[in-house]
Every structure is written in structure tokens, then in C-alpha cells.
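This report concerns only the one structure given below.
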Amino acid sequence: MDGGRRVLSNVIHSQVDLHREFGGVVPELASRDHLERLPHLLDLAFAEAGAGPDDIGLIAVTRGPGLAGCLLVGVGVAEGLAASWSRPITGVNHLWGHIYAAMLARPDLEPPLLGLVVSGAHSDLVRMPGHGRFEVIGRTRDDAAGEAFDKAARMLGLGYPGGPALDRLARTGDARRRPLPKPSLPGLEYSFSGLKTALLYRLRDLGAEAGEQDKADLAAAFERSVVESLLEKLDKCLPTRGEVARRAGGGIQEVVICGGVAANTLLRQRAAEVVAGRARLTMPPLELCTDNAAMIAAAGFYGGSAGPTTVDPSLGWD
Ligand code: KG4
Ligand code: ZN
């Protein structure tokens, strides 16, 4: 990165092929692959950026949340580089990274903003009053949205990775033909485990009768329930269009929806409709929604030049 906004290279090695035959991420394989790939990825990143170690002013590395083994490899490699190049290093919160991905997509985006971070392990509504400051105002009681998509995809026989496969299948289905309940808790809390069970029962009732179209319709219904639930809570936090017209909106002018699930086709479409005329919406392009290095560099840049690199697999927003 050049500063906090300009991406010079963003190299991604996907482990999808490695984990596919196991139907999900195998932590030991994931961390070993990190160790094997990182040195080469670093060479690629420098080559693409036309830069070298001498150009580095700060090294940013994810300290959590995430899989312990992978985080340890990342921090170990980053600390080794910082020591051998004599450069400062900062530990970055992965969730902050997802928010900062939106700033790469929209150079004039600044806090305060309202964020909805939807990933494999999180469905969090956060207020960001300023750089490096976050306040969680809503979260899930059970499964995260991405986890729900992945489990639903497995039930529908779509394999791994589930979220994108379910997205594709839902495009050929009709959510109205086999509707599923929309989870609804009071306040700003999410819950997706009941919806998952509803899908399981629906599939069990259909049994061997379930054809390709039934599955596509159920995928569309599942996707709609998750998406409408996610947006219902966001809607509660936004001023109405009337309030915006009267300038009585209460301040939220920027909305960010990010994390892997923000790549979902229906979520992107519906979010634009829900937020239109009420605030400005930023959803990063697909390659910046799912995990990537540029977002960590950007968060590291704004988080200051030194931070703890202690690995914390269950780190919260602080
Ligand atoms: O942020 P991310 O890349 O990794 C984590 O930090 O967890 O998010 C991964 C999650 C997975 O659950 C994946 O199934 C989901 O994002 N995902 C999607 C789509 N693309 C990725 N879910 C629904 N529709 C998609 N198109
Ligand atoms: Zn992520």
C-alpha cells in the first residue's frame, strides 16, 4: 500500500482447492499452507508493486480473530521481516480490516460511519465514530450469516465453499415458491440457527422427491430470509427519507457493508434499495469483500505505527 488508500498490489492465494475434499477448512492444513506460501506471495507482492524491502515503512499483520495456527504463522513471518529489515510492525484486528476495505473502494470515505460486517464468523453492526474506534451495537446470538450460508449449502449438497455456490443456485430459484421464515429478534440482535433448522426440516419433508428446482427455490428462500434479516436491523439504525429531507436524520451519512457475505448478489441489490436516499452506501468490490491483505495494510496504516502483535484467536472489536 502507498499510504492508507492506494493499493499497489493485493496478491491472494486461495486455499479452496486444498480444503474442498474435506468439505470445510482443516486448520492444520491451513496453517501449514500459510507457511509454505507466504515467502513466494511476498515476492509476488513486491514484483507487482514494483517495490522492495527498502520501500517498506510499516508492516501490518493480522493478530485476530481467526484460526490460531494461521495467525501464528502470519505474526511469526511478519516479526521476522520486521527484525531483519529493521522496520516497525503493528498488529491488526481482522474485523477492522473488513471496514477499511470499504475505504480502499471509496477514497473520500471517512468516519463517522455505520458498518455491517458479515463474514464466516461475524454478523456485527458497528458504529465507527473515528479512525480506530468501534462500538458494537448488534451481533448474532448464534450462527454468523456466512456460517449459515455455508451450512445451508452443505444441506443442499453444494459442497465447499458454500456461500458462493448457494448464491449461484439461488439465482435460478424463486423464493416465493418455498418460503422460509425470516428470523426476527427484538432490538439489533441476529439469529440464524432457527432458519437453518427450518431448511433442514423442509428438505427432510421433501426427502428423495427434492428435485433441482426445489433446491434452487429453497436456496433462494434461505438467501432472502438471511438478507432481509440483515437489512431489517440496518434499516432500524438509519434515518427515514423524510428525516433526511428535513435534515433531522441524527447523523448517519455513511453506511459500509463488508466481509465475505457482502459479495452476495441479493444482499448487494437489496442493500442499495434499503439505503438509497437515506445515507451513502459503500460495499467493496468482490475481491475486497472476502479476506485480503490490502485491507489489513489499510487498517494498520490508520491504527498507528505500533500495536501489539500478540495473537488472539477470539479478539473482539477492541
Ligand atoms: O470475510 P470472509 O472472506 O472470511 C472470514 O473472515 O470469515 O468471509 C467468508 C464467508 C464464508 O462464510 C462464505 O461462504 C461467505 O463469506 N461468502 C458468501 C458469498 N461469498 C462468500 N456468502 C454468500 N454469498 C456469497 N456470494
Ligand atoms: Zn474476514
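Both ligands and their constituent atoms are indexed starting at 1 by order of listing. Computed from a predicted structure; not experimentally measured.
For ligand 1, the atoms lying closer than 4.0 Å to a non-hydrogen atom of Ala263 are 20 (N), 26 (N). Near Gly260, meaning under 4.0 Å from any of its heavy atoms, are these atoms of ligand 1: 1 (O), 2 (P), 3 (O), 8 (O), 16 (O), 17 (N), 18 (C), 19 (C), 20 (N), 21 (C). Of all the atoms in ligand 1, the ones that sit under 4.0 Å from a non-hydrogen atom of Thr290 are 3 (O). Residue Gly146 approaches ligand 1 through these ligand atoms, each under 4.0 Å from one of its heavy atoms: 12 (O). Heavy-atom contacts of His98 reach the following atoms of ligand 1: 1 (O), 6 (O) (cutoff under 4.0 Å). In the vicinity of Asp167, heavy-atom distances shorter than 4.0 Å reach the ligand 1 atoms 24 (N), 25 (C), 26 (N). Near Gly163, with a cut-off below 4.0 Å to any heavy atom, the atoms of ligand 1 are 14 (O), 18 (C), 19 (C), 22 (N), 23 (C), 24 (N), 25 (C).
Taking a cutoff of 4.0 Å between a charged side-chain nitrogen and a carboxylate oxygen, Glu228 and Arg270 qualify as a salt bridge. Ion pairing between a basic and an acidic side chain is recognised when a charged N comes within 4.0 Å of a carboxylate O; Glu232 and Lys182 show such pairing. With respect to Arg176 and Asp217, no salt bridge is recorded, no charged nitrogen being found less than 4.0 Å from a carboxylate O. In this structure, Asp108 pairs ionically with Arg280, as a charged nitrogen and a carboxylate oxygen lie closer than 4.0 Å. Looking at Arg20 and Asp17, a side-chain N of the basic residue comes within less than 4.0 Å of a carboxylate O on the acidic one, giving a salt bridge.
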Report, one line per pair, each donor and acceptor closer than 3.5 Å where one atom sits in a side chain of residues 79-88; sequence neighbours left out.
| from | atom 1 | to | atom 2 | distance (Å) |
| --- | --- | --- | --- | --- |
| Glu79 | OE2 | Thr309 | OG1 | 2.6 |
| Ser84 | OG | Gly80 | O | 3.2 |
| Ser84 | OG | Leu81 | O | 3.4 |
| Arg87 | NE | Ile56 | O | 2.5 |
| Arg87 | NH1 | Trp85 | O | 2.5 |
| Arg87 | NH2 | Asp54 | O | 3.4 |

When the side chains of residues 311-318 are checked against the rest of the protein, which donor-acceptor pairs come out under 3.5 Å, sequence neighbours left out?
| from | atom 1 | to | atom 2 | distance (Å) |
| --- | --- | --- | --- | --- |
| Asp312 | OD1 | Ser314 | N | 3.1 |
| Asp312 | OD1 | Leu315 | N | 3.3 |
| Trp317 | NE1 | Asp124 | OD2 | 2.8 |

Output a table of donor-acceptor pairs, distance under 3.5 Å, between side-chain atoms of residues 162-169 and any protein atom two or more places apart or on a different chain; print 'none' if there are none.
| from | atom 1 | to | atom 2 | distance (Å) |
| --- | --- | --- | --- | --- |
| Asp167 | OD1 | Arg171 | NH1 | 2.7 |
| Asp167 | OD1 | Thr265 | OG1 | 2.8 |
| Asp167 | OD2 | Thr265 | N | 3.0 |
| Asp167 | OD2 | Thr265 | OG1 | 3.0 |

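Protein heavy atom at the shortest distance from atom 9 (C) of ligand 1 is Gly120 N, 3.8 Å. When only non-hydrogen protein atoms are considered, atom 6 (O) of ligand 1 lies nearest to His94 NE2, 3.1 Å. For atom 11 (C) of ligand 1, the nearest non-hydrogen atom of the protein is Asp150 OD2, 3.5 Å. Ranking the protein heavy atoms by distance from atom 3 (O) of ligand 1 puts Asp291 N, 3.1 Å first. Ranking the protein heavy atoms by distance from atom 24 (N) of ligand 1 puts Asn264 ND2, 3.2 Å first.
Between the side chain of Lys236 and the backbone N or O of Gly187 there is at least one donor-acceptor pair closer than 3.5 Å. Remark: side-chain polar atoms of Thr90 are paired, donor with acceptor, to backbone N or O of Gly307 under 3.5 angstrom. Between the Asp142 side chain and the Phe192 main chain, a donor and an acceptor come within less than 3.5 Å of each other.
Taking 4.0 Å as the cut-off, His122 does not count as a neighbour of ligand 1 on heavy-atom distance. The closest approach between any non-hydrogen atom of Pro164 and ligand 1 is below 4.0 Å.
A distance of 5.5 Å separates CD1 in Ile89 from CD1 in Ile59, rounded to the nearest 0.5 Å.
Under the 4.5 Å side-chain heavy-atom criterion for ILVMFWY residues, no single connected hydrophobic cluster contains both Tyr190 and Leu185.
Protein N, O or S atom count below 2.8 Å of the Zn ion (ligand 2): the structure gives 3.
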